[in-house]
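Data block below; observations after.
Quick note: residue numbers are just sequence positions, from 1. When reading the values below, keep in mind they use all heavy atoms of this one structure, side chains included, and skip hydrogens, waters and symmetry mates.
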Amino acid sequence: MGGGAAGMMAAIAAAGQGAEVDLYEKNEKLGKKIYITGKGRCNLTNACETSQFPEHVCSNRKFLYSALYGFTAEDVMQFFEEAGTPVKVERGQRVFPVSDHASDVTGALAREMKRLGVRIHLNCGVKELLLSDAQEGSVCEGVRLMDGEWVKADAVIVCTGGLSYPTTGSTGDGYRFAKAAGHTVTELSPSLVPFNTADEDTRLLQGLSLRNIQVTIKDGKKTLFDEFGEMMFTHFGVTGPLILSASAKVGKKLKEKGELNMMIDLKPAISRQQLDERFLREFAAHQNGFLKNVLAKVYPSSLIPVILSRSELDPSRPIHEISREERQRLVEVTKCFTCRVVGMRGYNEAVVTRGGVDVRQVKPDTMESKLTGGLYFAGEVLDLDAVTGGYNLQIAWSTGHAAGLAAAEMV
């Protein structure tokens with residue numbers, strides 16, 4: 001059940017083995033969340049080496065090995081190419097459809113399901129699992145739909161997503177189904193989500209995007225996150241690819257501590273000395289200019305007032321009056337622009353959910369429940385999550401594929 005990435009891939013894998021497959025989706029169309037991924041372009045996987053993939057997984061990476069090697073990023077790219085949606089690899093090994101349209105990803109999956117005879121039921125939600133006791137333990141024998149109809153099945157795959165972007169239908173149904181079947185659901189929280197910050201002056205930077213900067217987040221002296229990339233200031237704090245990835249790494253500690261220090265190096269490609277030399281060159285060339293005007297050669301215009309305020313410098317100061325100590329203050333603020341991170345945004349803005357069905361109760365090679373026969377889980381409903389870059393969708397493809405193949409053997 002569930003017509004998202006994992007559900008559609010599971011249906012294709014099972015039908016490809018000759019199984020009769022029914023896919024139940026409570027929304028009016030398939031792949032609703034796929035349409036909004038990658039800003040509507042759908043970053044469908046990451047072309048890194050399979051051996052490097054687990055490095056980007058935040059939770060239970062060892063559990064993924066079997067499924068990941070069973071259906072790799074290369075397999076995913078080949079699948080979409082053969083299904084009529086050519087793909088391309090961009091910076092950071094991110095993979096997108098050549099068309100830059102997420103709808104082409106969903107279209108390819110829909111065409112393949114149609115070709116294989118998958119029966120798709122839209123606007124058809126599932127209310128509960130049909131569970132019965134057997135000598136060997138509990139068995140899932142089908143589902144009960146929202147309209148009260150019972151549907152018998154040899155195997156049931158739960159691919160209902162998590163709690164992120166609830167408008168796409170991710171409302172936590174799968175966790176309820178899992179608990180009814182005796183499964184533990186680990187603590188849930190938003191992940192790949194923007195940060196709230198407590199610095200009033202950064203509100204002046206709303207809408208400012210920064211590229212090629214370095215973000216470091218610390219808990220005291222301990223570094224929790226330290227990477228290069230892109231980010232953007234907002235009315236509530238900060239967002240962007242780098243920030244979303246940071247949330248996956250520091251979210252648990254932030255919840256525990258309530259506040260963490262974030263340092264932004266606005267010029268990571270050069271040292272403090274090199275930056276000072278850059279200032280000296282600009283100042284020498286504009287000795288009779290005003291500080292705020294000369295700094296326009298170094299910073300985006302909206303950043304200048306905040307930099308000057310933090311450096312305790314008057315924007316109308318003539319360049320020839322600026323002392324070495326004052327210049328050093330500019331260097332320090334540029335190389336260590338601090339923000340106080342005080343929380344994360346909610347599920348409405350989260351790309352994925354952290355936590356889920358405890359993978360210790362799921363077989364890693366088949367995604368079948370260890371507690372209930374004939375019951376499988378795949379995708380975001382499981383306690384698996386990764387950083388941004390196509391890794392989370394690859395988890396959906398790999399686990400869905402593994403579940404589909406295994407479920408087909410039950411028929």
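- With hydrogens and angles ignored, the 3.5 Å screen pairs a side-chain donor or acceptor of Thr72 with a backbone N or O of Asp75.
- At most 12 non-hydrogen atoms from other residues, nucleotides or ligands lie less than 6.0 angstrom from NZ of Lys257.
- The shortest non-hydrogen separation linking Leu129 to Ala181 is CD1-CB, 4.4 Å.
- One N or O on the side chain of Arg340 and one on the backbone of Ala198 form a donor-acceptor pair closer than 3.5 Å.
- In this structure, Leu210 and Leu266 have side chains that are in contact, with non-hydrogen atoms separated by less than 4.5 Å.
- Rounding to the nearest 0.5 Å gives a distance of 11.5 Å between CD of Gln214 and CG of Asn212.
- Side-chain polar atoms of Thr334 and Arg278 form no donor-acceptor pair below 3.5 angstrom.
- Ring to ring, Tyr165 and Tyr347 are not that close: their centroids are 6.0 angstrom or more apart.
- Side-chain contact check for Ser369 and Gln361: no donor-acceptor pair (N or O, by modelled atom type) lies under 3.5 Å.
- A donor atom on one side chain and an acceptor atom on the other are found under 3.5 Å apart for Lys26 and Thr171.
- Applying the salt bridge (charged side-chain N to carboxylate O under 4.0 Å, His left out) test to Glu227 and every residue at least two apart in sequence or in another chain returns Lys249.
- Side chains of Ser245 and Thr388: a donor-acceptor N/O pair is present below 3.5 angstrom, by distance only.
- Judged by the 6.0 Å distance and 45° axis criteria, Lys267 is not positioned over the aromatic ring of Phe337.
- Between the side chain of Arg354 and the main chain of Ala248, a donor-acceptor pair closer than 3.5 Å is present.
- Under a 4.0 Å N-O distance rule, the pair Glu55/Arg61 does not qualify as a salt bridge.
- Side-chain atoms of Gln78 and Glu82 include a donor-acceptor pair closer than 3.5 Å.
- Between atom CZ of residue Arg144 and atom CD of residue Glu128 there is a gap of 5.0 Å, rounded to the nearest 0.5 Å.
- The side-chain heavy atoms of Val294 and Phe283, taken from C-beta on, include a pair separated by under 4.5 Å.
- Environment of CZ in Arg111: crowded, with over 12 heavy atoms of neighbouring residues, nucleotides or ligands closer than 6.0 Å.
- Using a distance-only test at 3.5 Å, with no hydrogens or angles considered, no donor-acceptor pair links the side chain of Arg119 to the main chain of Leu23.
- Side-chain contact between Lys218 and Phe225: absent, with no pair of heavy atoms (C-beta onward) separated by less than 4.5 Å.
- In this structure, the side chain of Lys370 engages the main chain of Arg360 through a donor-acceptor pair within 3.5 Å.
- For Gln274 (side chain) and Ser271 (main-chain N/O), a donor-acceptor pair under 3.5 Å exists by modelled atom type.
- Ser164 and Lys33 are linked by a side-chain donor-acceptor pair at a separation below 3.5 angstrom, with hydrogens and angles left out of the test.
- Side-chain atoms of Ser398 and Gln394 include a donor-acceptor pair closer than 3.5 Å.
- Classification of the Phe71-His401 ring pair by plane angle, with boundaries at 30° and 60°, yields parallel.
- Between Leu30 and Met8 the shortest side-chain heavy-atom distance falls below 4.5 Å.
- In this structure, CD1 on Ile304 lies 9.0 Å from CD1 on Ile307, to the nearest 0.5 angstrom.
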Take Ile213 and Met231 through the test side chain to side chain contact (heavy atoms under 4.5 Å, CB included) and record every step on the way to the result. CA-CA 8 Å; Ile213 50 94; Met231 61 165 285; 3.5 Å; yes
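- Considering OG of Ser59 and CG of Leu64, their distance stands at 10.0 Å, rounded to 0.5 Å.
- Ion pairing of Lys127 with Glu149 is absent here, as no side-chain N (NZ or NE/NH1/NH2) approaches a carboxylate O to less than 4.0 Å.
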Test Met262 against Val238 for side chain to side chain contact (heavy atoms under 4.5 Å, CB included), laying out the working first. CA-CA 11 Å; Met262 180 172 76; Val238 288; 3.9 Å; yes
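- Side-chain contact annotation: Ser99 with Asp104, donor-acceptor N/O pair under 3.5 Å present.
- Here the straight-line distance linking atom CD of Glu25 with atom SG of Cys159 works out to 11.0 Å at 0.5 Å rounding.
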Between Val89 and Arg94, is the side chain to side chain contact (heavy atoms under 4.5 Å, CB included) condition met? List the steps. CA-CA 6 Å; Val89 181; Arg94 289 169 164 82; over 6 Å; no
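- In summary, Arg203 and Glu200 do not engage in a salt bridge, as defined by a charged side-chain N under 4.0 Å from a carboxylate O.
- Remark: Glu277 pairs with Gln273 by the side chain to side chain donor-acceptor pair (under 3.5 Å) rule, at least two apart or across chains.
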Would Glu282 and Lys297 satisfy salt bridge (Lys or Arg N to Asp or Glu O under 4.0 Å), going step by step from the backbone distance to the final call? CA-CA 8 Å; Glu282 296 293 349; Lys297 309 280 186 182; 5.8 Å; no
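- Between Asp173 and Arg176, at least one side-chain N (NZ, or NE/NH1/NH2) sits under 4.0 Å from a carboxylate O, which counts as a salt bridge.
- By the 6.0 Å contact criterion, CD on Glu28 is enclosed, its count of non-hydrogen atoms from other residues, nucleotides or ligands being greater than 12.
- Side chains of Thr223 and Asp226: a donor-acceptor N/O pair is absent below 3.5 angstrom, by distance only.
- Thr186 and Asp358 share no donor-acceptor pair across their side chains, judged by distance under 3.5 Å alone.
- The pair Arg329-Glu332 fails the salt-bridge criterion, with no side-chain N (NZ, NE, NH1 or NH2) lying under 4.0 Å from an Asp/Glu carboxylate O.
- Under the 6.0 Å distance and 45° angle rule, Arg327 does not count as a cation-pi partner of Phe279.
- The side-chain heavy atoms of Phe80 and Trp397, taken from C-beta on, include a pair separated by under 4.5 Å.
- Side-chain N or O atoms of Thr37 include one that pairs as donor or acceptor with a backbone N or O of Ile34 at under 3.5 Å.
- Using a 4.5 Å heavy-atom threshold, the side chains of Ile12 and Leu109 count as touching.
- Across all their heavy atoms, Ala396 and Ala5 have their closest contact at CB-CB, 3.9 Å.
- Side-chain atoms of Asn196 and Arg345 form a donor-acceptor pair, as typed in the model, at a separation below 3.5 Å.
- Of all non-hydrogen atoms in Cys140 and Leu375, the two that sit nearest each other are CB-CB, 4.0 Å.
- Side-chain atoms of Ser247 never come within 3.5 Å of backbone atoms of Ser191 as a donor-acceptor pair (strictly under, hydrogens ignored).
- With rounding to the nearest 0.5 angstrom, the CD1 atom of Ile264 is 13.0 Å from the NZ atom of Lys335.
- Within the 4.5 Å cutoff, the side chain of His286 has no heavy atoms near those of the Asn293 side chain.
- Of the possible donor and acceptor atoms, one in the side chain of Thr202 sits under 3.5 Å from a partner among the backbone N and O of Asp199.
- Nearest heavy atoms, Leu244 versus Pro194: CD2-N, 3.6 Å.
- The shortest side-chain heavy-atom distance between Glu380 and Thr399 does not fall under the 4.5 Å cut-off.
- Separation of the Phe377 and His183 ring centroids falls under the 6.0 Å cut-off.
- Residue Val95 forms a side chain to side chain contact (heavy atoms under 4.5 Å, CB included) with just one option from Leu44, Asn46, Leu393, Val76, and that option is Leu44.
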